[in-house]
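Numbers for residues simply follow the sequence, beginning at 1. No hydrogens, no waters, no symmetry mates; every other heavy atom, side chains included, goes into these values.
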Amino acid sequence: MDDDFEKWEFGCLKWCEFASQLGVKLISDASLDLSKFEWGFSEEYKQTPERLMDGREVAGYHLMIHEGKLSGGPYIPDECLALPGFHVAVEWALIAHSSYLPFNRIGHEERGEAQVSLRRALKEVGIGDGKWALESRLKVNEDAKPCRACGSVEHERKDCPIWPVGIGEALASNLDNRWRLLRSQELEGFPESDWGVPVFSEMDDQQKARFKKLLGH
């Protein structure tokens, strides 16, 4: 991975290359016994502006450990999706300005709470189910003793298929806190939280219509 500090727009090919290379590096640096894992990670960014697609049919990236081998890249293969792990497809506009750096805890809770509010506001106008993939990790039922990595009450941390012990810790070990995102013109002018999450409830009617169009509605 190039040591030069660069910035890209979220979801573009260079961004997805950077994210996948960083993930591979963090897991490799952890010196894990990869034979213990069959795991995949994928993020697809739906409704990514055409100017950022770089000729791709799908914007996103993946990481995977299969048959003892670690790999990743700026695409999402079927073999990765077939593995247990973390897989999400999310509209680009919902997370573009808040996803400034992969695998970093800085601002995690603040961004998460703002995302929960955004999803619920959109549900009120008939978009989505009001849920966010990471919501369970913000508020957990302590009496049920859920997995502290993914929030599920169906397994304990040591058995987590989403963030297996070792992998989750490796990916959370990134100490780089430099802002790597260039802002995208499509999202300029919208009210947003301090961490770049759009605030739908504060948009005027024209902004709401424009934002919904970015989501494909």
Side-chain angles (χ1 to χ4, degrees), residues 1 8 10-48 52 54 56-92 94-96 98-109 111-112 115 119 131-138 146-152 154-177 180-181:
M1 185 166 54
W8 314 274
F10 182 78
C12 74
L13 180 58
K14 286 290 188 180
W15 168 263
C16 294
E17 288 175 345
F18 166 75
S20 59
Q21 289 169 8
L22 176 60
V24 168
K25 181 179 186 302
L26 291 171
I27 295 174
S28 296
D29 288 350
S31 299
L32 301 172
D33 178 2
L34 299 183
S35 67
K36 295 167 49 179
F37 305 105
E38 286 288 317
W39 173 83
F41 170 102
S42 65
E43 285 191 350
E44 177 185 349
Y45 310 126
K46 300 188 295 183
Q47 304 296 328
T48 297
L52 298 178
D54 301 296
R56 297 169 296 169
E57 294 186 2
V58 174
Y61 72 98
H62 81 285
L63 306 169
M64 61 185 287
I65 301 174
H66 179 56
E67 295 182 346
K69 296 181 179 180
L70 169 65
S71 60
Y75 51 94
I76 304 175
D78 289 341
E79 54 264 41
C80 176
L81 294 174
L83 294 170
F86 180 91
H87 302 285
V88 64
V90 59
E91 288 81 357
W92 173 89
L94 296 179
I95 61 174
S98 64
S99 300
Y100 72 100
L101 186 69
F103 317 125
N104 192 295
R105 295 177 179 274
I106 296 175
H108 170 75
E109 291 190 6
R111 289 193 304 252
Q115 284 286 349
R119 305 307 168 97
K131 297 180 180 180
W132 180 51
L134 305 180
E135 182 174 353
S136 63
R137 292 168 220 170
L138 298 175
C147 170
R148 63 181 176 84
C150 73
S152 173
E154 298 181 358
H155 60 257
E156 296 182 358
R157 173 68 180 101
K158 62 183 177 63
D159 300 316
C160 183
I162 311 300
W163 302 111
V165 174
I167 294 175
E169 286 75 6
L171 291 177
S173 67
N174 182 27
L175 299 179
D176 188 350
N177 62 1
R180 286 191 176 270
L181 280 183

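Considering CG of D176 and CZ of F103, their distance stands at 12.5 Å, rounded to 0.5 Å. Separating the OG atom in S152 from the CD atom in E154 is a distance of 4.5 Å, to the nearest 0.5 Å.
Judged purely by atom type and a 3.5 angstrom limit, N174 uses its side chain to pair as donor or acceptor with the backbone of P102. At least one donor-acceptor pair closer than 3.5 Å links the side chain of E169 to the backbone N or O of G166. When atom types are taken as modelled, the side chain of S99 and the backbone of A96 share no donor-acceptor pair closer than 3.5 angstrom. In terms of modelled atom types and a separation under 3.5 Å, the side chain of D54 and the main chain of R56 share no donor-acceptor contact. The closest donor-acceptor contact from the side chain of E38 to the backbone of E67 lies under 3.5 Å. Formation of a donor-acceptor pair under 3.5 Å by the W39 side chain with backbone atoms of I162 is found in this model.
Minimum interatomic distance between P161 and H155 (heavy atoms only, all atoms of both residues): CD-CE1, 3.4 Å. Summarising the geometry of G168 relative to R157, their closest heavy-atom pair is CA-NH2, 4.4 Å, with the distance given to 0.1 Å.
Enclosure of atom CD in E156 is not indicated, since only 12 or fewer non-hydrogen atoms of other residues, nucleotides or ligands lie within 6.0 angstrom.
Of the N and O atoms on the side chains of R119 and Q115, at least one donor lies less than 3.5 Å from an acceptor on the other residue.
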CA sep, side-chain torsions, deciding dist, call: W8, L181, side chain to side chain contact (heavy atoms under 4.5 Å, CB included): CA-CA 5 Å; W8 314 274; L181 280 183; over 6 Å; no
ring-ring contact (aromatic ring centres under 6.0 Å, His included) between Y75 and H62, worked out: CA-CA 6 Å; Y75 51 94; H62 81 285; 4.9 Å; yes
Intermediate values then yes/no, ring-ring contact (aromatic ring centres under 6.0 Å, His included), Y45 and F10: CA-CA 9 Å; Y45 310 126; F10 182 78; 4.5 Å; yes
Side chain to side chain contact (heavy atoms under 4.5 Å, CB included) evaluation trace for E43 with V90: CA-CA 8 Å; E43 285 191 350; V90 59; over 6 Å; no
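Between F41 and F86, the two ring planes are parallel [angle under 30°; tilted spans 30° to 60°].
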